[in-house]
Amino acid sequence: MQPSDPISQQKTIAAVILAAGASTRMGTPKQLLPYQGKSLLKRITETAISADCKPVVVVLGANDNFIHPEISNLPVAIVKNSEWQTGMSSSIRCGIQALIRVSNSVKAAVILLCDQPFVSAETINQLKITYRSTHQSIVASTYQNTVGVPALFDAKLFLELISLTQAEGAKKVIQRHIDSVATVRFPQGAIDIDTPNDYQQCRNSEYFRI
């Protein structure tokens, strides 16, 4: 049995948390909405850390000065997307580019949104386990007959993620490679928070008390 490659052992799986939006439909920064005693942003950031993602990059944008202190004491790289108004693609580009700058030992990255409150360390670890066992370049979550984030992307797809334009999100890359995407069931992924009604429904959900 051949020994493992010491270089590959040093490679890590990172996380990029997208939290740059203005929350216009919510009427207040949803990044700071409380869930289980913490803001949505702090919770997803600590979840990525506890899942041993290295490094963790958090992309802020709108209300940056107001939101930044919420995670300023955590061991993460915080970057500002000055073009957040142009759509999701600019935040993905900002996050992946920052990831490349801060680390040269990343073999894959998990893209996370702060408004999916039921993502846990177990959710992220399942993506990582599936990535290692299937050797697929993308591992996506499945919910409501679709695939999406949280999703893990091998580093060889970073250029495609950086090349997304306007309102395109990570799902565009997933669909482009759909025939070779591994999936993990995550029914709670269908629940995200965009409006006050979404937040109230989330609070009433059976998952909220987990």
Side-chain angles (χ1 to χ4, degrees), residues 3-19 36 38 40-59 71 74-79 91-92 95-143 146-162 169-192 207 210:
S4 299
D5 181 356
I7 295 177
S8 66
Q9 286 184 333
Q10 297 171 5
K11 294 286 187 178
T12 63
I13 295 178
V16 175
I17 300 172
L18 307 180
Q36 292 186 341
K38 299 176 182 178
L40 290 176
L41 178 58
K42 187 168 187 178
R43 183 181 180 281
I44 191 61
T45 303
E46 290 184 342
T47 295
I49 293 169
S50 66
D52 201 31
C53 292
K54 296 178 181 177
V56 175
V57 174
V58 182
V59 183
I71 54 171
L74 296 178
V76 300
I78 304 172
V79 294
S91 288
I92 294 174
I96 295 296
Q97 288 175 335
L99 179 59
I100 293 170
R101 285 197 304 271
V102 301
S103 177
N104 60 3
S105 62
V106 173
K107 64 180 177 181
V110 179
I111 292 185
L112 301 162
L113 305 179
C114 78
D115 62 0
Q116 287 181 304
F118 303 121
V119 174
S120 65
E122 182 180 358
T123 308
I124 297 171
N125 284 330
Q126 192 59 51
L127 294 173
K128 293 163 68 175
I129 290 168
T130 304
Y131 170 66
R132 291 177 177 129
S133 64
T134 65
H135 306 291
Q136 297 286 11
S137 56
I138 301 176
V139 184
S141 299
T142 61
Y143 41 85
T146 190
V147 291
V149 294
L152 180 152
F153 296 85
D154 188 88
K156 67 184 180 182
L157 293 172
F158 285 179
L159 182 58
E160 282 194 49
L161 290 167
I162 290 171
K171 192 170 183 177
K172 182 75 171 182
V173 177
I174 296 173
Q175 294 292 351
R176 194 178 293 154
H177 300 275
I178 195 64
D179 290 337
S180 58
V181 174
T183 59
V184 172
R185 288 190 70 256
F186 178 47
Q188 301 98 316
I191 303 171
D192 59 14
Y207 299 116
I210 294 176

* Asked: When rounded to the nearest 0.5 angstrom, what distance separates CD1 in Ile17 from CD1 in Ile44?
  -> 5.5 Å
* Find out whether Ile96 and Phe153 are in side-chain contact, i.e. whether some heavy atom of one side chain is under 4.5 Å from a heavy atom of the other. => no
* Residues in side-chain hydrogen bond (donor to acceptor under 3.5 Å, both in side chains) with Thr134, at least two apart? -> none
* Thr47 and Ser50 side chains, donor-acceptor separation under 3.5 Å -> no
* To do: Taking the side chain as every heavy atom from C-beta outward, state whether Asp192 and Leu113 have any atom pair closer than 4.5 Å.
  => no
* To do: Taking all heavy atoms of Pro55 and all of Val106, pick out the closest pair and write down the distance.
  => CD-CG2, 3.7 Å
* Structure fact -> In terms of heavy-atom contacts, Lys171 and Val147 come closest through CE-O, 3.1 Å
* Structure fact -> Nearest heavy-atom contact between Val16 and Gly95 is CG1-CA, 3.8 Å
* Might you point out which heavy atoms bring Gln188 and Phe118 nearest each other, and give the distance in Å? => CB-CB, 3.6 Å
* Output yes when a side-chain donor or acceptor of Lys128 lies under 3.5 Å from a complementary backbone atom of Ala51, and no otherwise. => yes
* May I ask you to test the Val79-Gln97 pair for a side-chain heavy-atom distance under 4.5 Å? => no
* Asked: With no hydrogens and no angle check, is any side-chain donor or acceptor of Thr146 less than 3.5 Å from a backbone partner on Tyr143?
  -> no
* Asked: Are the side chain of Gln116 and the backbone of Val149 linked by a donor-acceptor contact shorter than 3.5 Å?
  -> yes
* Asked: Is the backbone N or O of Ser105 less than 3.5 Å from a side-chain atom of Ser103, with the two atoms forming a donor-acceptor pair by type?
  -> yes
* Gap separating the CD atom of Gln36 from the CZ atom of Arg43, nearest 0.5 angstrom -> 5.0 Å
* Structure fact -> Tightest non-hydrogen contact, residues Ile49 and Pro75, listed as CD1-CD, 3.8 Å
* Asked: If you round to the nearest 0.5 Å, how far is CG of Asp115 from CG of Leu41?
  -> 11.0 Å
* Asked: Going from OG on Ser180 to CD1 on Ile174, what distance comes out if it is rounded to the nearest 0.5 angstrom?
  -> 11.5 Å
* To do: Under the salt bridge (Lys or Arg N to Asp or Glu O under 4.0 Å) rule, collect the residues that match up with Arg132, sequence neighbours excluded.
  => none
* For Leu74 and Val58, run side-chain contact (heavy atoms from CB on, under 4.5 Å): C-alpha distance rounded to whole Å, both residues' side-chain angles, the deciding distance at 0.1 Å, then the answer. => CA-CA 11 Å; Leu74 296 178; Val58 182; over 6 Å; no
* Hey, are the side chains of His177 and Ser137 touching, using non-hydrogen atoms and a 4.5 Å cut-off? -> no
* Output the distance between atom CG (Leu127) and atom CD (Glu122), rounded to the nearest 0.5 Å. => 11.0 Å
* **Any donor-acceptor N/O pair, Thr142 side chain to Thr183 backbone, under 3.5 Å** => no
* To do: With the side chain counted from C-beta on, respond yes when Leu161 and Ile111 share a heavy-atom pair under 4.5 Å apart, and no when they do not.
  => yes
* Minimum heavy-atom separation for Ala182 to Thr130, with atom names? -> CB-CG2, 3.9 Å
* Pick out which of Leu157, Ile13, Ile138 makes a side chain to side chain contact (heavy atoms under 4.5 Å, CB included) with Leu152. => Ile13
* Asked: Is the shortest heavy-atom distance from the side chain of Pro150 to the side chain of Ile124 under 4.5 Å?
  -> no
